[in-house]
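What follows is a set of notes on a single structure, which appears directly below.
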Amino acid sequence: MIKKFPISPENEEKLLNNAKNLAGYTIKELANNINISMPNNLKCNKGWIGKLLEYYLGASGGNTAKQDFAHIGIELKTIPINYYGKPLETTFICVVPLINNIGITWISSYLRYKLSRILWIPIEGEQRIPLAKRRIASPILWSPSKIQEQWLKQDWEELMDMIVLGNIEDITSRHGQFLQIRPKAANSKSLTKGIGRKGQQIMTLPRGFYLKKNFTDIIISHHFNLCSNNQYLKKINSYFDII
DNA sequence: CTCTGATCATTT
DNA sequence: AAATGATCAGAG
């Protein structure tokens, strides 16, 4: 019997334990357990797994600009991994503020708030594995280390400088060592307000902050105590142990 | 094979 | 349009 936790947990220990109880189960097992229908793939349901896990763990943020578990200061993120535990996708964190950035610093930024504490739930994500058979891995409760926060701060400041100075159109996903800015929109015709090259208001594509895979790889690798020489030799089963 | 730019669903 | 949840898929 798979446990579901409709009530938001009262502290992070309970949340982490609840998440650990889901490790090893497949997507199909979780869906069947609560009698919800499952799509054949994620093509038209990209956030489906994230919503499923939010439901199981009792996330309460909804579509509001809060953490998923605001009362205990935790954000929930699912992350697709391959056979060796490497991230398959970048991780969206939040929308990039393109205007009204006067006085915003790293410390007061929404990005830093969202990244302050995250419950990562890795999930098998290779497309050769049918969605129904993909397994939930052991969760990782994480906060950025000093050096990790320094890396992110550096990227954030460089990118925000470009935005404030009217160079948003020059930013590509190649900017930033660990943090990148990419489109975050319904399609390429979506528009939002931004600052142009001469300081004028322009309409531009909405953007999002994403963690690059090299960053999330470090989080996952460190958590499972894998050393640099053999970290990718370990089999995926290591990630499904219920600790 | 990997990465960048584009895209999908839903709610407010 | 903007926020939430992310992954797709063609280009290189």
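What you are looking at is a predicted structure, and each value in this text was computed from that prediction instead of being measured. Protein chains get the first letters and strands the later ones, always in sequence-line order, with residue 1 at the start of each.
Atom P of nucleotide C:dT7 and atom CG of A:L131 are separated by 11 Å, given to the nearest angstrom. Spacing between atom CH2 of A:W48 and atom C1' of C:dC8 amounts to 18 Å, rounded to whole angstrom units. Distance CG (A:L42) to C1' (C:dA9): 14 Å, rounded to an integer number of Å. A straight line from CD of A:E124 to P of C:dT7 spans 14 Å, rounded to a whole angstrom. Taking atom CZ of residue A:F209 and atom P of nucleotide C:dA3, one finds them 13 Å apart after rounding to whole Å. Atoms CZ (A:R207) and C1' (B:dA6) sit 12 Å apart, rounded to a whole Å. Counting to the nearest Å, the C1' atom of C:dA3 and the CG atom of A:L98 are 14 Å from each other.
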_Worked check of side chain to side chain donor-acceptor pair (under 3.5 Å) between A:Y210 and A:E89_ = CA-CA 10 Å; A:Y210 296 79; A:E89 295 287 347; over 6 Å; no

*Pair A:Q148-A:W142, side chain to side chain donor-acceptor pair (under 3.5 Å): steps then yes or no*: CA-CA 11 Å; A:Q148 287 170 349; A:W142 168 88; 3.1 Å; yes

*Show your reasoning for whether side chain to side chain donor-acceptor pair (under 3.5 Å) applies to A:N33 and A:Y56.*
CA-CA 10 Å; A:N33 185 49; A:Y56 260 92; 3.1 Å; yes

*Between A:T172 and A:R182, is a side chain to side chain donor-acceptor pair (under 3.5 Å) present by the stated rule, with each step listed?*
CA-CA 7 Å; A:T172 75; A:R182 302 214 313 281; over 6 Å; no

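A:L191 comes within 4.0 angstrom of the backbone, heavy atoms only, and of no base. Using a 4.0 Å heavy-atom distance criterion, A:T91 is classed as making no nucleic acid contact. No engagement by A:P206 is indicated, since no non-hydrogen atom pair under 4.0 Å with the nucleic acid exists. As judged by a 4.0 angstrom heavy-atom cut-off over every strand, A:K212 is placed among residues making no nucleic acid contact.
The side chain of A:Y55 contributes no N or O atom lying less than 4.0 Å from OP1 or OP2 of C:dT4. Put simply, A:S173 has a side-chain N or O that comes within less than 4.0 Å of OP1 or OP2 on B:dG5. Between A:T78 and C:dA6 there is a side-chain polar atom (N or O) within less than 4.0 angstrom of OP1 or OP2. Distances shorter than 4.0 Å separate some side-chain N or O of A:R174 from OP1 or OP2 on B:dG5.
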Write out a two-atom table: protein N or O, nucleotide N or O from nucleotides 10-12 of chain C, distance below 3.5 Å.
none

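Residue whose closest nucleotide on DNA chain C sits further toward the 5' end, between A:Q127 and A:E75: A:E75.
Between A:I36 and A:W48, some side-chain heavy-atom pair lies under the 4.5 Å cut-off. A:L115 has its side chain within reach of A:L211: a pair of non-hydrogen atoms, C-beta onward, lies under 4.5 Å apart. Looking at heavy atoms from C-beta onward, A:V95 lies out of side-chain contact with A:Y110 at the 4.5 angstrom threshold. Looking at A:E54 and A:L76, their side chains come closer than 4.5 Å, going by heavy atoms from C-beta outward.
With sequence neighbours left out, A:Q127 forms a side-chain contact (heavy atoms from CB on, under 4.5 Å) with no residue at all.
On a pure distance criterion of 3.5 Å, a polar donor-acceptor pair joins the side chain of A:E89 and the base of C:dC8. Contact annotation: side chain of A:R182 to base of C:dT7, donor-acceptor pair present below 3.5 Å.
Of the candidates A:Q150, A:E157, A:E149, A:K153 forms a side-chain hydrogen bond (donor to acceptor under 3.5 Å, both in side chains) with just one, namely A:E157.
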_Treating primed atoms plus P, OP1 and OP2 as sugar-phosphate and everything else as base, which nucleotides of nucleotides 7-12 of chain B get B, S or - for protein heavy atoms under 4.0 Å?_
BBSBB-

